[in-house]
Amino acid sequence: MKTIHTIAELRSALAGQAGTAFVPTMGNLHDGHLALVRQAATLGRPVVASIFVNRLQFLPHEDFDRYPRTLARDAELLQGAGCDILFAPDEGELYPEPQVFRVAPPPALADILEGEFRPGFFGGVCTVVQKLFGIVQPAVAVFGRKDYQQWRVIAAMARQFALPLQVVAGETVRAADGLALSSRNAYLSADERGEAPALAAALQALAAAARAAADPDALAAAEAAAAQALRARGWAPDYLTVRRREDLLPPDAAALAAGEPLVALAAARLGATRLIDNYEF
Ligand code: PAF
């Protein structure tokens with residue numbers, strides 16, 4: 001595996017290569033990321049992964065400064081997972097001047113759920129992803145379903161801008177007790193780590209209640225009860241809700257009655273750590 005830090009060097013390394021399979025990351029890799037790289041490696045294309053902690057997607061009070069930068073370890077893991085090229089630009093390389101051209105994702109998709117609690121987050125994500133797509137020019141880009149809304153927003157962006165690439169989603173990797181792997185799990189204390197799988201369990205319980213809900217009022221009651229049950233365990237939920245899978249709008253009575261495929265999504269704080277997860281049903 002080659003590690004490359006500049007756009008010019010990456011372009012010359014990719015010149016004449018067949019379209020690549022691309023896995024963008026912010027580093028501090030875990031098995032969830034590596035599963036995406038392994039998935040990319042099955043596509044019969046050169047695999048490019050990027051590591052870049054993107055300032056544009058962090059709010060001022062969020063963990064941009066303390067987000068772990070673990071490049072040497074990440075590079076070893078990527079090599080073992082079948083990555084061919086690691087692109088790891090520094091900020092000066094990706095943002096040599098203030099990034100004043102930005103992608104403005106539609107509020108209906110990007111200002112709800114994560115976007116409601118992290119204003120500007122998806123604008124920052126879409127801007128860096130669009131820029132990385134322009135640099136890497138992949139044929140396929142792989143995103144984790146764990147960041148469900150992010151995957152849906154980026155897939156919609158690629159479709160609307162007619163980007164010449166396919167966005168594919170990789171499965172969430174979970175610890176044996178059900179906790180979705182996330183870089184932020186490292187912030188949990190031992191007690192919190194013991195409690196953390198309750199979020200995935202709450203989503204599954206909510207999905208079961210949603211399947212029994214005859215109309216949106218019953219669904220809202222099930223969502224409120226699920227959030228209350230988490231609060232009683234010491235969590236502070238931002239949202240715990242059931243949505244349609246593609247546009248993330250609330251299902252109407254017809255969708256509930258028809259048993260349309262849905263997704264339960266949650267974000268909740270446990271102590272100082274904010275976790276997100278989802279469950280398709
Ligand atoms: O999911 C992430 O790690 C980031 O949001 C991404 C897609 C690499 C953009 O910075």
Side-chain angles (χ1 to χ4, degrees), residues 7 10 20-37 39-40 47-59 62-71 73-75 77-78 81 83 85-91 93-95 99 102-105 109-110 113-115 117-138 140-158 161 163 165-173 180-187 265 267 273-278:
I7 296 171
L10 182 71
T20 57
F22 178 43
V23 184
T25 81
M26 296 204 300
N28 192 24
L29 303 180
H30 51 67
D31 274 345
H33 297 110
L34 300 179
L36 301 180
V37 174
Q39 181 173 340
V47 177
V48 179
S50 64
I51 293 182
F52 180 69
V53 185
N54 174 38
R55 184 185 293 277
L56 300 187
Q57 70 191 72
F58 288 79
L59 287 170
E62 290 184 336
D63 53 348
F64 176 77
D65 287 326
R66 69 183 178 119
Y67 199 88
R69 273 88 169 161
T70 53
L71 187 62
R73 179 183 161 276
D74 290 345
L77 292 172
L78 286 170
C83 179
I85 295 181
L86 164 58
F87 178 51
D90 65 16
E91 269 208 300
E93 181 68 13
L94 216 60
Y95 298 136
Q99 183 69 34
R102 304 275 182 108
V103 178
L109 186 59
L113 305 169
E114 280 305 282
F117 292 91
R118 305 179 72 189
F121 172 70
F122 287 114
V125 168
C126 287
T127 299
V128 79
V129 168
Q130 172 76 312
K131 189 156 187 169
L132 289 167
F133 283 170
I135 294 166
V136 177
Q137 302 193 3
V140 182
V142 188
F143 290 86
R145 270 171 202 267
K146 153 84 170 36
D147 296 306
Y148 197 91
Q149 189 178 6
Q150 171 172 278
W151 160 47
R152 292 297 192 187
V153 168
I154 289 168
M157 174 179 83
F161 282 133
L163 301 182
L165 57 89
Q166 192 195 348
V167 173
V168 303
E171 291 307 318
T172 302
V173 178
L181 298 195
S182 161
S183 302
R184 293 192 167 101
N185 293 351
Y187 300 150
L265 303 120
T273 307
R274 186 173 183 277
L275 299 178
I276 65 171
D277 200 356
N278 64 81

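Start at 1 with the first residue, then count along the sequence. As the structure lists them, so they are numbered: ligands from 1, and atoms in each ligand from 1.
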- Does the pair Asn54 and Tyr67 meet the rule for a side-chain hydrogen bond (donor to acceptor under 3.5 Å, both in side chains), with working shown? CA-CA 10 Å; Asn54 174 38; Tyr67 199 88; over 6 Å; no
- Do Leu86 and Leu71 come within less than 4.5 Å of each other through their side chains, counting heavy atoms only? yes
- Message: Less than 4.5 Å apart, side chain to side chain, heavy atoms only: is that true for Val37 and Leu77?
- Response: no
- Aromatic plane relationship, Trp151 with Tyr148 - under 30° parallel, 30 to 60° tilted, over 60° perpendicular: perpendicular
- Is there a side-chain contact between Asn278 and Gln149 (heavy atoms, below 4.5 Å)? no
At less than 3.5 Å, what protein N or O atoms come close to the N or O atoms of ligand 1? Include the distances to 0.1 Å.
residue, atom, partner, partner atom, Å
ligand 1, 1 (O), Gln150, NE2, 2.8
ligand 1, 5 (O), Gln57, NE2, 2.9
ligand 1, 5 (O), Gln150, OE1, 2.7
ligand 1, 10 (O), Gln57, OE1, 2.7

- Check whether any side-chain heavy atom of Thr20 lies under 4.5 Å from a side-chain heavy atom of Gln137, and answer yes or no. no
